[in-house]
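Numbers here simply count residues along the sequence, with the first being 1.
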Amino acid sequence: MGEMLRVNGVELCAETFGEPRDPAILLIGGGGAAMDWWEKDFCDRLTEGMRFVIRYDSRDTGQSVHYPPGAPGYGFPDLVADALGVLDALGVARAHVIGISMGGSVAQQLAVHHPDRLESLTLVATSPGGPDLPPMSVPLRDFFSEAQSPDWSDKNAAVEHIVETERHFETPEYFDEDHVRALVEQVVTRSANPASAENHAILEGAESVRARLGEIELPTLVIHGTADPLFPYAHAEALARAIPDAELLPLNGVGHQMPPRPTWDTVVPALLRHTSGGWDAQADRLAARSIESGDPTGWFDRLYSAGVAGEVPMPWDRSNAAPLLVDWAKDRSFAPGRAVVVGCGLGADAEYLASLGFTTTAFDVSPTAVEVASGRHPGSTVDYRVADLLDPPPEWPGAFDLVVEIFTVQAIPRTHRDAATAAVRRLVAPGGALLVIAGSGNGDESGPPWPLTREEVEAFACEGVEVVGIEELDRWRAEFRRRPGRLR
């Protein structure tokens with residue numbers, strides 16, 4: 001498990017999941033905790049969201065360097081430096097940092113002193129420190145006062161001690177003894193000397209950065225169990241108040257523990273959303289994968305699905321029709337006819353056309369988008385359909401008196417631009433109109449989107465479709481009309 005890295009003059013064991021080209025997430029464990037506590041299944045869930053996940057054994061845990069029990073040859077600042085050293089050893093310039101408990105203290109130090117190395121900050125079950133915050137619970141305090149260290153050379157005794165400690169940290173509702181025991185057996189088996197993990201409790205040099213938390217400008221998420229007996233929930237509230245614009249995610253009934261499996265359906269999407277960089281950044285990643293696999297449109301549904309799951313903000317999410325469409329239509333009168341919206345997204349433009357009296361069809365290649373659009377507009381007269389612009393139903397060519405194409409062609413890579421343009425054009429009925437709204441570009445954008453050049457806008461005028469007018473406002477708005485007569 002993992003690889004040995006030379007970090008700050010010592011050997012640390014680290015393991016990575018996913019592809020290095022994806023946004024990196026660095027997981028920093030709590031006091032005395034080997035990387036096993038960041039479970040593989042949890043890491044895999046993050047990599048499914050296109051993240052490059054890094055977990056590692058800190059000093060005195062797992063397979064990393066160990067020191068004699070009671071005599072650590074390092075201080076707390078070395079743990080902070082080690083986190084950066086792991087990133088350096090793996091060639092990662094910046095990472096989304098997630099720290100739990102003491103690892104959250106390390107993460108706070110990183111955010112204050114090395115913000116240039118962080119993309120975002122997530123603090124789990126940790127504290128800003130300070131005498132004004134509630135102390136640990138009485139039962140946990142009593143447990144610590146009475147607990148004795150086991151014979152660490154006896155594996156069974158070591159396992160029982162750690163399991164019993166976890167029982168007092170976690171809440172009965174979320175304490176799965178069989179699962180914890182299996183995990184602890186793995187931790188103890190991997191450790192060169194389990195007794196050395198207690199060195200974390202006596203480390204020196206831990207600087208308080210509470211007074212500087214207000215300087216943090218990184219996107220910050222605070223995740224905390226409402227029943228945490230070590231750091232009562234007020235510690236999380238203090239963190240969220242101190243760090244500008246921090247988001248607080250309570251885990252109801254959870255103790256001082258790794259987010260338990262029953263919470264993963266909440267926690268994982270929250271982490272993916274927090275580390276996404278926004279839906280447009282996720283779109284870039286998805287589009288790159290889709291294009292590599294020869295599927296230029298497959299990424300749309302994955303992006304919408306991520307939005308539904310809460311892993312990114314909902315893409316192309318607007319409740320009103322595109323302003324350039326509304327402005328174009330406001331001074332026109334329309335005879336009853338059929339309209340189609342290409343790449344309808346969540347339906348705002350289609351609903352607007354229906355309000356103008358059109359019998360409106362709206363289609364998208366994403367089944368998720370069509371499902372969301374239909375759900376947002378119950379009772380709508382719009383016919384929402386799943387269809388592929390590059391392979392439309394055979395009855396659609398020449399069937400629509402008004403075709404509205406907004407931002408769809410520009411979201412399809414240039415390798416398929418001519419085919420997409422032709423497919424849009426062929427939807428227009430004899431005598432019908434085509435309205436194209438798109439970003440304006442010079443042709444060398446990396447995308448998505450790949451904004452249209454003027455030549456690409458003019459390319460809609462072909463096969464009997466003629467230019468009515470092309471405006472370059474903050475983006476292109478172009479109107480075309482097909483000559484009356486039979487389609488060729």
Using 0.5 Å steps for rounding, measure from the [atom1] atom of [X] to the [atom2] atom of [Y].
X: Thr421; Y: Ile412; atom1: OG1; atom2: CD1; result: 8.5 Å
X: Arg477; Y: Trp328; atom1: CZ; atom2: CH2; result: 9.0 Å
X: Ser58; Y: Tyr74; atom1: OG; atom2: OH; result: 6.5 Å
X: Glu15; Y: Tyr56; atom1: CD; atom2: OH; result: 15.0 Å
X: Ile406; Y: Cys344; atom1: CD1; atom2: SG; result: 11.0 Å
X: Leu239; Y: Thr220; atom1: CG; atom2: OG1; result: 9.5 Å

*In this structure, which one of Leu427, Val465, Asp401 forms a side-chain contact (heavy atoms from CB on, under 4.5 Å) with Arg482?*
Val465

Give a yes or no answer on whether the side chain of [X] reaches the backbone of [Y] with a donor-acceptor pair at less than 3.5 Å.
X: Ser101; Y: Gly103; result: no
X: Trp476; Y: Ile470; result: no
X: Gln108; Y: Ser127; result: yes
X: Gln410; Y: Gly439; result: yes
X: Thr359; Y: Arg338; result: no
X: Arg481; Y: Gly431; result: yes
X: Asn8; Y: Ala81; result: yes

Find out whether [X] and [Y] are in side-chain contact, i.e. whether some heavy atom of one side chain is under 4.5 Å from a heavy atom of the other.
X: Ser290; Y: Pro413; result: no
X: Pro323; Y: Asp327; result: no
X: Leu325; Y: Tyr352; result: yes
X: Leu84; Y: Val86; result: no
X: Val10; Y: Arg59; result: yes
X: Ile98; Y: Trp38; result: yes
X: Val342; Y: Phe363; result: yes
X: Val424; Y: Phe460; result: yes

For residues [X] and [Y], report the shortest heavy-atom separation together with the two atoms involved.
X: Gly85; Y: Val7; answer: CA-CG1, 3.6 Å
X: Ser64; Y: Asp57; answer: OG-O, 2.6 Å
X: Val326; Y: Ala321; answer: CG2-CB, 3.7 Å
X: Tyr304; Y: Pro315; answer: CD2-CG, 3.6 Å
X: Gln63; Y: Cys13; answer: OE1-SG, 3.7 Å
X: Asn442; Y: Thr453; answer: C-CG2, 3.6 Å

So with a 6.0 Å cut-off around [atom1] of [X], is the heavy-atom count from everything else above 12?
X: Arg285; atom1: CZ; result: yes
X: Asp444; atom1: CG; result: yes
X: Gln186; atom1: CD; result: yes

Do NZ/NE/NH1/NH2 and the carboxylate oxygens of [X] and [Y] come within less than 4.0 Å?
X: Arg414; Y: Glu445; result: yes
X: Arg318; Y: Asp349; result: yes
X: Asp41; Y: Arg45; result: no
X: Arg21; Y: Glu292; result: yes
X: Glu351; Y: Arg376; result: no

*Report the relative orientation of the aromatic rings in Phe231 and His235; use parallel for angles under 30°, tilted for 30 to 60°, perpendicular for over 60°.*
tilted

*With under 30° as parallel and over 60° as perpendicular, where do the rings of Trp316 and Trp279 fit, or are they tilted in between?*
tilted

*Mind running side-chain contact (heavy atoms from CB on, under 4.5 Å) on His416 and Ile291 for me, showing each step along the way?*
CA-CA 10 Å; His416 293 72; Ile291 292 167; over 6 Å; no

*Quick one: do Arg302 and Met50 satisfy side-chain contact (heavy atoms from CB on, under 4.5 Å)? Show the steps, please.*
CA-CA 11 Å; Arg302 285 198 62 190; Met50 302 176 70; 4.1 Å; yes

With a 3.5 Å cut-off and sequence neighbours excluded, list the donor-acceptor pairs that the side chains of residues 22-29 form with protein atoms.
unit_1: Asp22; atom_1: OD1; unit_2: Arg289; atom_2: NH2; d: 2.5
unit_1: Asp22; atom_1: OD2; unit_2: Arg289; atom_2: NH2; d: 2.7

*Assess whether side-chain contact (heavy atoms from CB on, under 4.5 Å) is satisfied between Leu435 and Leu324, documenting all intermediate values.*
CA-CA 10 Å; Leu435 180 68; Leu324 288 181; over 6 Å; no

_Worked verdict on Leu183 versus Asp36 for side-chain contact (heavy atoms from CB on, under 4.5 Å)_ = CA-CA 7 Å; Leu183 185 58; Asp36 309 71; 4.1 Å; yes

*asked:* Could you tell me if Glu207 and His113 have a donor-acceptor pair between their side chains, going purely by distance under 3.5 Å?
replied: yes

_side-chain hydrogen bond (donor to acceptor under 3.5 Å, both in side chains), paired with Thr275, selected from His96, Gln282, Arg51_ = Arg51

_Considering only residues two or more places apart or on different chains, which pairs with a residue in residues 83-92 satisfy side-chain hydrogen bond (donor to acceptor under 3.5 Å, both in side chains)?_
Asp88-Arg117

